[in-house]
Protein chains: 2
Amino acid sequence: MSKRAAKLAAVPPKGEAPAVAAYRLEEQVGHLLRRAHQRHAAIFQDGIGDLQLTPMQFAALVKIRDLGKVSQNQLGRLTAMDPATTQGVIQRLVARGLIERTADPDDRRMTVLRLTAQGRATVEAAIVRAVKITEATLAPLTESERPVFLALLRKLI
Amino acid sequence: MSKRAAKLAAVPPKGEAPAVAAYRLEEQVGHLLRRAHQRHAAIFQDGIGDLQLTPMQFAALVKIRDLGKVSQNQLGRLTAMDPATTQGVIQRLVARGLIERTADPDDRRMTVLRLTAQGRATVEAAIVRAVKITEATLAPLTESERPVFLALLRKLI
DNA sequence: CTAAATTCATTTGTACACAAACGATCGGTC
DNA sequence: GACCGATCGTTTGTGTACAAATGAATTTAG
């Protein structure tokens, strides 16, 4: 026992497991993913400029544009928002006149979402900026690193 | 002009730029980062079990443990939380008796944060689970892909 | 065809995340 | 030693994010 005293001295007191002492928050995937997402959100807000869209508002507009008309739940699944979150995002887009809600005549549980003319113009202007936002986000990576990173990131979902 | 009619038919109407029409939300870094972070949060909540900690509460506890005592602003910088967010996280940890706040005698603007005995026990138990949470998050990647992914992710911050 | 299970939208409550503005306090400068 | 800019903690307001519960409508099972 006494032979290992020197080694034990480098280890935390009270018999704390080494793995616990060696845990470094900054190296954990979760922390890194959060920081990276955080940075992207900042770049997005800066790059979207006067259009005043949040990432989720933009995502909703893009998917409605892709499909023409969508139900609220369907939009939530496409953008990975739960129903409660979708509710708020849709409300704000309707309030700004970017989308319109109508009742679905075939299924009275559902509401149909469509872009307004202003909404269509806004998405198209936003997408031009979103392309630059993506570039800015990936700027720290080299040309060859980007597809590698994106492929691995996609596997993680 | 009429010669190109066939080609133009494949292109969106009203002269919409091709880049705008070809924009795919699902392939954008921002969307992928959000989804990956989302998935990690779900794994975290599941894996932390009965300890009932959010990722940010856990992060705060870990950094306070690392430093022994920290000011609130300092903690915010270490965990990448802004002051307003830090406020709420700290409040909830104090309310649960996991940390304690005392006034700094040398600088009356600052408050000193420390772990309570219960707080220390909780972090140590949580770290054991956090290691497994990290593993579960990275599970979709092979052993050799993981360091590659983490290195690229780190470059992005 | 009716009862049960499912789906859709909504509401409530908690927890980040950040902008913006605030008073209190500190550090440095003149 | 009074002023001035910076820092610290706090509050308010907006926007996700999600659990949990609800009522209305639809689908499925028996």
Side-chain angles (χ1 to χ4, degrees), chain A residues 30-31 33-46 48 52-61 69-96 98-99 101-113, chain B residues 30-31 33-46 48 52-61 69-96 98-99 101-113:
Chain A
H31 184 73
L33 283 172
R34 174 171 164 273
R35 300 275 322 261
H37 179 247
Q38 221 172 22
R39 172 169 164 274
H40 171 264
I43 292 173
F44 188 98
Q45 202 203 343
D46 188 58
I48 205 68
Q52 286 282 117
L53 290 175
T54 66
M56 289 322 292
Q57 290 169 3
F58 171 70
L61 291 179
K69 57 175 185 172
V70 216
S71 78
Q72 205 164 300
N73 259 25
Q74 193 185 354
L75 178 64
R77 284 190 296 271
L78 292 166
T79 54
M81 289 189 285
D82 73 79
T85 304
T86 308
Q87 182 72 9
V89 172
I90 291 306
Q91 264 180 18
R92 285 179 280 276
L93 291 174
V94 169
R96 283 178 57 181
L98 299 180
I99 64 178
R101 299 173 34 137
T102 57
D104 186 321
D106 299 333
D107 189 335
R108 286 185 303 177
R109 291 171 303 179
M110 300 201 279
T111 59
V112 181
L113 307 174
Chain B
H31 184 72
L33 283 172
R34 175 171 164 274
R35 300 277 318 263
H37 179 247
Q38 220 172 24
R39 172 169 166 274
H40 171 264
I43 292 173
F44 188 97
Q45 201 203 342
D46 188 57
I48 205 67
Q52 285 282 117
L53 290 174
T54 66
M56 289 322 293
Q57 290 169 3
F58 171 70
L61 291 179
K69 56 175 186 172
V70 216
S71 79
Q72 205 163 300
N73 259 23
Q74 192 185 354
L75 178 65
R77 284 190 297 270
L78 292 166
T79 53
M81 287 190 286
D82 72 81
T85 303
T86 308
Q87 181 71 11
V89 172
I90 292 306
Q91 266 181 16
R92 285 180 281 273
L93 290 174
V94 170
R96 283 180 55 182
L98 301 179
I99 63 178
R101 299 172 35 137
T102 57
D104 187 322
D106 300 332
D107 188 337
R108 285 186 303 177
R109 292 170 301 179
M110 300 200 282
T111 60
V112 181
L113 307 175

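Keep in mind that this is a model prediction, so the values were computed, not measured. Chain letters run A, B, ... following the sequence lines, proteins first, then strands; residues in each count from 1.
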Contact under 4.0 Å: B/N73 side-chain N or O vs D/dT7 OP1/OP2: no
B/H37: partners by ring pair (Phe, Tyr, Trp, His ring centres under 6.0 Å), with sequence neighbours left out: A/H37
Residue mapping more 5' on DNA chain C - nearest nucleotide basis, A/A41 or A/S71: A/S71
Options C/dA17, C/dT11, D/dA17, nucleotide nearest the side-chain atoms of A/A84: C/dT11
Nucleic acid contacts of residues 103-111 of chain A, taken as heavy-atom distances under 4.0 Å to DNA chain C: A/R109, A/M110, A/T111
B/Q72 side chain near D/dT10 phosphate (N/O to OP1/OP2, under 4.0 Å): yes
Between C/dA15 (P) and B/D82 (CG): distance, integer Å: 17 Å
Min side-chain heavy-atom separation A/R101-A/I90 under 4.5 Å: yes
Partner residues of A/Q74 under the side chain to side chain contact (heavy atoms under 4.5 Å, CB included) criterion, sequence neighbours left out: A/L67, A/V70, A/S71, A/R77, A/L78
Short side-chain N/O contact from B/Q57 to OP1 or OP2 of C/dC16, under 4.0 Å: yes
Minimum-distance nucleotide to A/Q87 side chain [options: D/dT10, D/dC8, C/dT10]: C/dT10
Distance (rounded to the nearest 0.5 Å) between B/Q57 CD and B/R92 CZ: 6.5 Å
Short side-chain N/O contact to D/dT10 OP1/OP2 from B/R101, under 4.0 Å: yes
Position toward the 5' end of DNA chain D (nearest nucleotide), B/Q45 or B/R77: B/R77
Shortest side-chain distance from A/T85, nucleotide among D/dT16, C/dT10, D/dG9: D/dT16
Spacing between A/R35 atom CZ and C/dC16 atom P, to the nearest angstrom: 17 Å
